[in-house]
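Report on one structure; see the data block that follows.
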Number of protein chains: 2
Amino acid sequence: MAKPPTVYDVATRAEVSIATVSRVFSSPDTVREATKARVLAAVHELGYVASGNARGLATRRTGVLGLFFPGLDAMDELRGRTDFLMHDVAAATDRDDGGRDTDAPSEPDSVSTPLPRATVIRDIPARTDTRALNLYLDEVLRGSELEAWLSGRVLLVGVGRGVTSGQTVLEMAGRVDGLIVLAGSATEEDLAQLARRIPIVVMAGPPRGDDFDHVSVSNEEGMGALTGHLLDDLGVTDIVYLAGSVESPDDHERWTGFRRALRERGITPPDEPWRRSDFTREGGRAAGRVLLAADRLPRAIVCANDQMALGVIDAARIAGVDVPGELIVTGFDGIDAGGLSTPRLTTVSQPMEALGRAAVQVLVRRLEDPERASMSVRLPVEVLLRESSEPA
Amino acid sequence: MAKPPTVYDVATRAEVSIATVSRVFSSPDTVREATKARVLAAVHELGYVASGNARGLATRRTGVLGLFFPGLDAMDELRGRTDFLMHDVAAATDRDDGGRDTDAPSEPDSVSTPLPRATVIRDIPARTDTRALNLYLDEVLRGSELEAWLSGRVLLVGVGRGVTSGQTVLEMAGRVDGLIVLAGSATEEDLAQLARRIPIVVMAGPPRGDDFDHVSVSNEEGMGALTGHLLDDLGVTDIVYLAGSVESPDDHERWTGFRRALRERGITPPDEPWRRSDFTREGGRAAGRVLLAADRLPRAIVCANDQMALGVIDAARIAGVDVPGELIVTGFDGIDAGGLSTPRLTTVSQPMEALGRAAVQVLVRRLEDPERASMSVRLPVEVLLRESSEPA
DNA sequence: CTGAAAGCGCTAACAC
DNA sequence: GTGTTAGCGCTTTCAG
């Protein structure tokens, strides 16, 4: 990588001043055609690409929006630095229908044991679980990216993992015009610090004071509506509630919605969830086993998210308990797997992509008008009635 | 947003020079404890966050890696700028178990028709199709982000859509230390220009000359192995091939692998795929209908990706044709839906997350040693034999 | 329409 | 240890 060409190089080559080069990009019509052409030619020949840093420094804006998530990967395996078969291209030239299986490149610059190129495996049905939250974030991310693009910006995504989390978010803050932060992924202290430099939008979790702009979904209303359906339409009152981890900002709201639904119908809700698990399918399975081992089954189990609900269904299947005949199971989130399971899972579907889009919209508005009062968006949810609750 | 504090502000407040402030962050142990403490205090009080731009300008490195994808969203709906219910937080203060359904906030700063907070819907089984490629990219993205984090960097993601695509990628290039580009998402011309400024890693597609570093999966070998299985183990020779869109760099390799497998067994492969579709499930369904309407069924149909294969299975189900009894169907990619379908889909599973990780690893290596010969990584794939090809 | 020059906020020698 | 002082590459008045 030779030193990248700068405005100066272009200016010299085009025999103009750097100011003119700059103008060609920022206000093309203030430059004479002939001059512009010369500059553009130079740009082309030199392969000039403007430095975002320099531009950002001068402009005080970057055109970048940040999205910061908590890292919920399996931190254990994380460091498993899979090292890949890597070789110099120069050494391996055979291409197209030519000699295949010339496996090892002549000059293995850094080769671990040569990996097989393709393995045949008889795949037994298995469950993919791990990616629970990721799937949620994927959609949010997709929505954010789209909306960012619509506003002519790009997204800087960062995930906070462990102790470096605070550092990451601060670093991001230094390079973006505004930042979207998933509730709980950064400390209040860090947030406060960031907020002095750039606009922050908090996503999910309970509404904030008027510190930050806020975007979330109607967790409480959704769970309330679902519970109401069980109560009113199915006439079920014998319900237990499986909660997720306490740290989750959403968990509390769902639980609240559940209780409210009961209370509004004159039923005294329990003070505590029947049980608390960890939002994973495995956790749901475990909870399911406990439930099924008891003397008496409740008529329904309402779970704080889909993964756990699917786990409960797994457990029921294994125990030979019919869902929804003997036990009604419901989830929350609306992940794809819930629509593909047998029986399909009744759930509350969150508009995750919309959430991502809304967050960016709010952020962009804030950028455009720093003075306006802090905003809050609460997106509606849909209760999806499917076979895990609806006796055929 | 008051003007963000700078090193100068911090320096003044801590009664030191800006160099010292800088040192506190870059080489903390060269600063006396007492001084450091003063600086840190000032940082805290002021809410100082270093400007990434300024730092990047001075350092000539940003700690940001770019990931550039082609945008394959349904461009039609794209502009559907869903505007969300948005109101000033100041106006809506009720919280917690208090009065719910106070629906409209008192001062609706910008309210479209108030949206319902939760709707109950009887959900009929339907197919989600659209997100085919996205799911692929999600995993790649996840892998990249993880690996970026492991290397202490953060990811800038950009999607090229339509005509602004070239602009986007150039803008990104100006703000990152290196860029990963999905094959086909940028023009060769743009790539060449970028390459003069920063290292580029091309992902997927055929190996490149020694221009750029390259990362991909063994498309050809995978399809070859799968076809070989049909040929050798199942004794099936009456096979048609459903290809995807020609623009896809991977499509060609898979087709090549298919042909090679035939040829290696003394069978003359067809010159052209039986048919070409668009990688979507709907496209697969259409192709399936054509196939099933013919006088005679082949014993097997090999599809260039999972989505189309699932579409073919859909068509077969509708036509009452048994898979795999009457027709064997295979896919490629290993998307989740293929493992959840009935019958489950035999496919070639790509290590998508690993692909993302590998790309970042390669990029980081390149950053560390700009001089080394260009690298190429080819990741192995797995053929997953499932019920769509294996008669019970 | 174009050029000169002053920053933007930070790092990195180089002095002290 | 800490301060001084050049830049880093670009935008943006302000003249001309």
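Source: prediction; values computed, not measured. A note on names: the letters A, B, ... follow the listed sequences, proteins ahead of strands, and every chain is numbered from 1.
Across every non-hydrogen atom of B:Leu367 and B:Pro199, the tightest pair is CD1-CG, 3.4 Å. The shortest heavy-atom contact between A:Arg366 and A:Met375 is NH2-CE, 3.7 Å. Between B:Ala204 and B:Ala183, the shortest heavy-atom distance links the atoms O-CB, 3.3 Å.
OP1 or OP2 of C:dC10 has not a single side-chain nitrogen or oxygen of B:Ser22 nearer than 4.0 Å.
The side-chain hydrogen bond (donor to acceptor under 3.5 Å, both in side chains) contacts involving residues 178-195 of chain A comprise A:Thr187-A:Asp190, A:Glu188-A:Arg208, A:Glu189-B:His44, where partners must be two or more places apart or lie in separate chains. The stretch residues 31-47 of chain B participates, sequence neighbours left out, in these salt bridge (Lys or Arg N to Asp or Glu O under 4.0 Å) pairs: B:Arg13-B:Glu45, B:Glu33-B:Lys36. Identified under the side-chain hydrogen bond (donor to acceptor under 3.5 Å, both in side chains) test for residues 48-61 of chain B, with sequence neighbours left out: none.
A donor and an acceptor atom sit less than 3.5 Å apart, one in the side chain of A:Tyr8 and one in the base of D:dC10.
Atom CZ of A:Arg61 is separated from atom P of D:dT11 by 12 Å (rounded to the nearest Å). Note: NZ (B:Lys3) to P (C:dC8) measures 7 Å, nearest angstrom. Rounded to a whole Å, the CZ atom of A:Arg197 is 8 Å from the P atom of C:dG9. For the pair B:Arg175 CZ and D:dC8 C1', the computed distance is 15 Å after rounding to whole Å.
Between its opening and closing five pairs, the helix from C:dC1-D:dG16 to C:dC16-D:dG1 changes axis direction by 30°, a value rounded to 10 degrees.
Nearest-nucleotide positions on DNA chain D place B:Val31 closer to the 5' end than the other of B:Arg60 and B:Val31.
In terms of modelled atom types and a separation under 3.5 Å, the side chain of A:Asp177 and the main chain of A:Leu65 share no donor-acceptor contact. Side-chain atoms of B:Ser144 come within 3.5 Å of backbone N or O of B:Gly356 as a donor-acceptor pair. With hydrogens and angles disregarded, no donor-acceptor distance shorter than 3.5 Å links the side chain of A:His214 to the backbone of A:Ser374.
Exactly one residue among A:Glu145, A:Arg142, A:Glu147, A:Met352 makes a side-chain contact (heavy atoms from CB on, under 4.5 Å) with A:Arg357. That residue is A:Glu147.
Non-hydrogen atoms lying under 4.0 Å from DNA chain C are contributed by A:Leu57, A:Ala58, all within residues 50-59 of chain A.
A:Tyr48 comes within contact range of the sugar-phosphate backbone alone, with a heavy-atom separation under 4.0 Å but no base atom that close.
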Please enumerate all protein N or O atoms sitting under 3.5 Å from an N or O of nucleotides 3-5 of chain D, with distances to 0.1 Å.
{"from": "D:dG3", "atom 1": "OP2", "to": "B:Ser17", "atom 2": "N", "distance (Å)": "2.8"}
{"from": "D:dG3", "atom 1": "OP2", "to": "B:Ser17", "atom 2": "OG", "distance (Å)": "3.1"}
{"from": "D:dG3", "atom 1": "OP2", "to": "B:Thr20", "atom 2": "OG1", "distance (Å)": "2.7"}
{"from": "D:dG3", "atom 1": "N7", "to": "B:Arg23", "atom 2": "NH1", "distance (Å)": "3.3"}
{"from": "D:dG3", "atom 1": "N7", "to": "B:Arg23", "atom 2": "NH2", "distance (Å)": "3.3"}
{"from": "D:dG3", "atom 1": "O6", "to": "B:Arg23", "atom 2": "NH2", "distance (Å)": "2.2"}

(message) Show, in sequence, the C-alpha distance, side-chain angles and deciding distance for A:Val10 and A:Val24, and conclude whether the side chain to side chain contact (heavy atoms under 4.5 Å, CB included) test is met.
(response) CA-CA 11 Å; A:Val10 175; A:Val24 168; over 6 Å; no
